[in-house]
Peer 1: 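Below is a structure I'd like to ask you about.
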Amino acid sequence: MRWYVARRLAWALVATWLAVTLTFGVLLAAPNPGADAAAAQCASQDRDPEQCRQQYLESRGLDRPAHVQYIDYMTDLAALDFGYSESQEEPVTAAIADAWIYSAQYFVPSIIISVLIGYSIGLYSALNRYTLTDYLGSFVAYFGISIPNFWFAIVLILVVGVYFREASLLGVSLDALSLRTYYETSYGVFTVENAKQLIMPVIVLATASVASQMRYSRAQALEYANADFVKTARAKGASTWRVLVAHVLRVALVPLSTILIVDILAVLFAGSFIIEAIFQIPGLGRLQLEAITQKDTDLVAAVTLIPVFLAIVGNLIQDLAYVLLDPRIDYGDR
Amino acid sequence: MATDSRPDTFDSVDWDRVEADTGGVPVVAVVEALTFLAFGAALAYDYLIVPEGEPTVLDWDVTAVEWLFVAVLLLGLFHVVVPLARSRRMTAYYWRQFRKNRLAVASLGYLGVLLVIGVLGPAIWAAPNETISYAEAYAPPIFIGGDLASLDHALGTDAQGRHLWHLIVYGIRVSFEVGLIAMTLAITIGTIVGAVAAYFGGYVDEVLMRYVDIQQTFPVFILLLLLIYLYGASLFLIILLYGVFGWEGTARLVRSEALQRTEEAYSRAAEAAGASKLWVVRRHIIPNVSSTVITAATLSIPVFILGEAALSFLGFGDPGTFSWGRTINAGRSDIDSAWWISTIPGLFLFLTVLAFNFVGDALRDAIDPRSDSG
Amino acid sequence: MTGPLLEVTDLRTQFHTDEGVVRAVDGVSFDIGRGETVCLVGESGSGKSVTSESITKLIPIPPGEIAGGSIRFDGMELTDLPESDLRDLRGSRIAHVFQNPQETLNPVYRVGRQIAETIRIHEDVGKEAARKRAVDLLDRVGIPDAAERVDDYPHEMSGGMKQRVVIAMALAGRPDLLIADEPTTALDVTIQAQILRLLNDLQAEFDMAILFVTHDLGVVAEVADRVVVMYAGRVMERADVYDLFENPGHPYTQALLACLPGRGDATTAIGGSLPSPTNPPDGCRFHPRCPHAIPDCKSGDQPPLHPVPDPDAVATGAGNPAGTGAGGPPGEPVRAAGPYDDTDGAEEGGWDEVREATVSGHVASCIYYRQGYDATTVRHDDAAADGGSTDQGASGAAGDEEGGGS
């Protein structure tokens, strides 16, 4: 068991190193958009663009040999020094420190909602197959995985943010139901206003992952719904709820855990860019977008690595959860 | 339950015999080879003889993506349509299974119409930029009414007076190009990697699957943003990246499926008869995991379409194309006054993705008796 | 002993599938007395497992459905009992043991916990007390070092051990009726014998009735008091174990027995295959495979269960049950009181007398036992086909030896 954990930890380190190296390699091999921008600026001012480009690269040490840059980059990273962000005019770490809370406050609720609602509906419809609820659940799942989240966000804004403001139902104005369309940073994190303005982003972000968790959990539960040990549990006189949670879900958690974290992270990362762009939330997604449009290479590299680290840590947690969940696992394997 | 009594299925087809049926001369293979020769000649003509910037035929300057799209459509013709038409019994059986799901049949019809419009539409309807007319900007769809509404632009116009229908038609082309080309790339790579890993096992398997782990860990969307940032946005690059970084799921599926198959008698028999490993992989393993692959292929298309639309929405799409994502994004600022610009193309995108998901799931139910998505 | 413990009458269980309605159990009747062992015998697909799982509604509903009939357990009607009351019965008064011990135990829980679960579902017992009882039960079913093995996971045990755990789990509620569905089929032959012996001992100790579902006539001979032979969802023959082996009435039973090693030609197989579950043949369901089938067998409904006269009785015309003395199972009077069957629609008056005469309750669903047909056709042919065991005395002796275990 210890050996297994040690191996997974080692693997996480190797994966981190590979990911960082890959990012470095991509950045090194590609034309530097910042240098291009500097050159273009000089050209417009009638100065020698090549000279400006050279200056730009020199000032950042990018003219040195590749291996020197690589070692430098890795040592800096090990010391958690991600460089200086020109667009934010502060160190990259400071920019990230300012932004992450805005991402986390809709990200975390979305994960919790995905798992709770997704699993509940999935298990319920697996156990009540061929009923109206099951069909309704399947429909919701198709809806969730198919709807483009950016379009969903726009339609929500159109209805909740725009239409509700003016519409009334049976003489009662719906304005009370309308929500802020754009994120307001002046509210405190744990205030009602803040919670209210996060409702739409969380709904949009969670829809797709709720649907996918629901499909997975339903499929897994169906796989076990007819298993002999479930029949045994019923033959013991266990209640439906007990059979569902203590037996079906508990065993299904083993395969479900192997897809849970990576899947959720993938869905949510892609979603966070869109959510933050649409609702104008100053989180990591928007930081990344700004960095890209303003050609701020240090910031781009750092913000790219955040989800990579999260995914690697997520993978590690998943592997360890697997050990805890399945007593059959052979620690010698893999 | 009824597995034993099922007629021919992809899994049980004796692929050697299928080809032998043509009397030793695989006519289809010859026709296919000739077609692709002609395709290659046309491609060479475009790149070697036609000067840069000049249209290839008439006023159509065929882009790299369009060449690829044609190649993928031809591949689909020879490897999906022709085999289905040739083994009628198998086709009829699958159709009976598939038909049970009415929503999927409707979806298939919708996608068929969309594909035809996407392929032929640009020859009928003018490119959106040719319809720019600021006098007709923000015209609402005909069913809303209003002074500007007109049959000429039944679905309304955008901020520049471009006809929304034209934007949608050109968007269909983009979505199908992305979905089909990226799917073909991803499925090809995934199938090969999965089958090779399963068959060779040992270190080959270990290295390939560890790589798959890493690729799965690395958030592709962010990698795409990074690469587009560095190399600039082009539809060709987006499709290529989705294809090259979107195969790990297929590889996993094929590997686990193939692992079961390699243990089965026919693979061992072939090996015992002196067949090379590559032969066994190509002739026995890959055909026999085709059910899995077909389903995975269908279900990967909507993922790629959504991915490209999301990129375009964020402003990272190819500025030279009329992706639905771009149109939706452009209409976002006018959501209060001209809601149709964003919502109508979005509805098309939603329905298209939904239809692919319906068809994919129905296909799985029809051709893969083991899985049960209910 | 007042009346049978379990009384199944005209049970009909069906499944709604894409291919149509499958009538898995189609008018099955039998009863089980207290402390008695009744075997349900048939090929796979004959509906025997569905019958056993219909009793406490373990079948998946939907697509399954109990479409008719009655199941009376100790005076209670189970078919219209609410789910919550059924749950109280399951695991306490009626326990189940299933075929494959590899799959009947939940792989992620320790075995002790799984046994304790049964106890704690039905009784208000603390964790520690339940665990103690689990250890005692494991000890009782013959698991060495029970106090340590109680913390094992199922995958750490052998198949035979796991089946002992499953049996311990079933005993946890001190059931009146144990439904054992092919409990030894997945086990090695040597283990099989141990498990059968264990069940036999436990039956005496706990005074349980056992409904034993199996396709293995060798096992039947060892454990059964009485036997119900099923084919394609119908009862073909019902008899006490001695009569069945000694004097099989239905051609299907005869064919099954002929497959047993040492009886007839061991290589004999029953030709043909099970009929389509959605569209069974008219008439007797066995007629497409029956060597004696005549046109009358091929139309109408499955023939009702007719009394099978003892061969001696046929000869003397007295109907004296010769077999009962030798077999000597308990529960004899119970059976006499029980209903023979309900598929028996319109009966001619004279039959009741015949019925009274065959106290052993040996009945078969074969047209040849109806008045106006020559029952000896089935008998004689059997004798001829049986070759070596034509001599009733010889095979009777064999039957005694085999039946000795029960």
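The figures here come from the full heavy-atom set of this structure, side chains too, leaving out hydrogens, waters and symmetry mates. Residue numbering restarts at 1 for every chain, and letters A, B, ... go by the order of the sequence lines.
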Peer 1: Take a 6.0 Å sphere around CZ of Arg149(C) and say whether it holds more than 12 heavy atoms from other residues, nucleotides or ligands.
Peer 2: yes

Peer 1: Specify the closest pair of heavy atoms between Asp228(A) and Asn100(C), including all atoms of both residues, with the distance to one decimal.
Peer 2: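 That closest heavy-atom pairing would be OD2-CB, 4.3 Å.
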
Peer 1: With a 4.5 angstrom heavy-atom cut-off, could you sort out which part of Thr104(C) is near chain A: side chain, backbone, both or neither?
Peer 2: both

Peer 1: Please indicate whether Arg113(C) has more than 12 foreign heavy atoms, meaning atoms of other residues, nucleotides or ligands, lying under 6.0 Å from its CZ.
Peer 2: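 For Arg113(C), atom CZ is not crowded (no more than 12 foreign heavy atoms under 6.0 Å).
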
Peer 1: Looking only at heavy atoms and a cut-off of under 4.5 Å, which of Ala246(A), Ala235(A), Ser239(A) has the most pairs with chain C?
Peer 2: Ala235(A)

Peer 1: Please state whether the side chain, the backbone, both or neither of Ala238(A) comes within less than 4.5 Å of a heavy atom of chain C.
Peer 2: both

Peer 1: State, with a plain yes or no, whether a side-chain heavy atom of Arg87(C) is found less than 4.5 Å away from one of Thr240(A).
Peer 2: yes

Peer 1: Sort Ile119(C) into side chain, backbone, both or neither according to what part of it lies under 4.5 angstrom from a heavy atom of chain A.
Peer 2: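 Neither part; nothing is under 4.5 Å.
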
Peer 1: About how many Å separate CG of Leu86(C) and CZ of Arg234(A), when rounded to the nearest 0.5 Å?
Peer 2: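 If I round to the nearest 0.5 Å, the distance is 9.5 Å.
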
Peer 1: Can you tell me how far apart CZ (Phe229(A)) and OH (Tyr109(C)) are? Round to the nearest 0.5 Å.
Peer 2: 9.5 Å

Peer 1: Could you tell me whether the side chain of Leu105(C) reaches within less than 4.5 Å of the side chain of Thr232(A), counting heavy atoms only?
Peer 2: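 No, too far: nothing below the 4.5 Å cut-off.
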
Peer 1: Are more than 12 heavy atoms from other residues, nucleotides or ligands located less than 6.0 Å from atom CZ of Phe206(C)?
Peer 2: yes

Peer 1: For Leu325(A) and Val108(C), run side chain to side chain contact (heavy atoms under 4.5 Å, CB included): C-alpha distance rounded to whole Å, both residues' side-chain angles, the deciding distance at 0.1 Å, then the answer.
Peer 2: CA-CA 7 Å; Leu325(A) 288 174; Val108(C) 301; over 6 Å; no

Peer 1: With a 4.5 angstrom heavy-atom cut-off, which part of Asp88(C) approaches chain A: side chain, backbone, both or neither?
Peer 2: neither

Peer 1: Tell me, side chain or backbone of Gln114(C) under 4.5 Å from chain A's heavy atoms, or both, or neither?
Peer 2: both

Peer 1: Does CH2 in Trp100(A) sit with more than 12 non-hydrogen atoms of other residues, nucleotides or ligands closer than 6.0 Å?
Peer 2: no

Peer 1: Taking only residues two or more places apart in sequence or in another chain, which ones pass side-chain hydrogen bond (donor to acceptor under 3.5 Å, both in side chains) with Glu117(C)?
Peer 2: Lys236(A), Arg242(A), His247(A)

Peer 1: So what's closer than 4.5 Å to chain A heavy atoms on Ile121(C): side chain, backbone, both or neither?
Peer 2: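 The side chain, not the backbone.
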
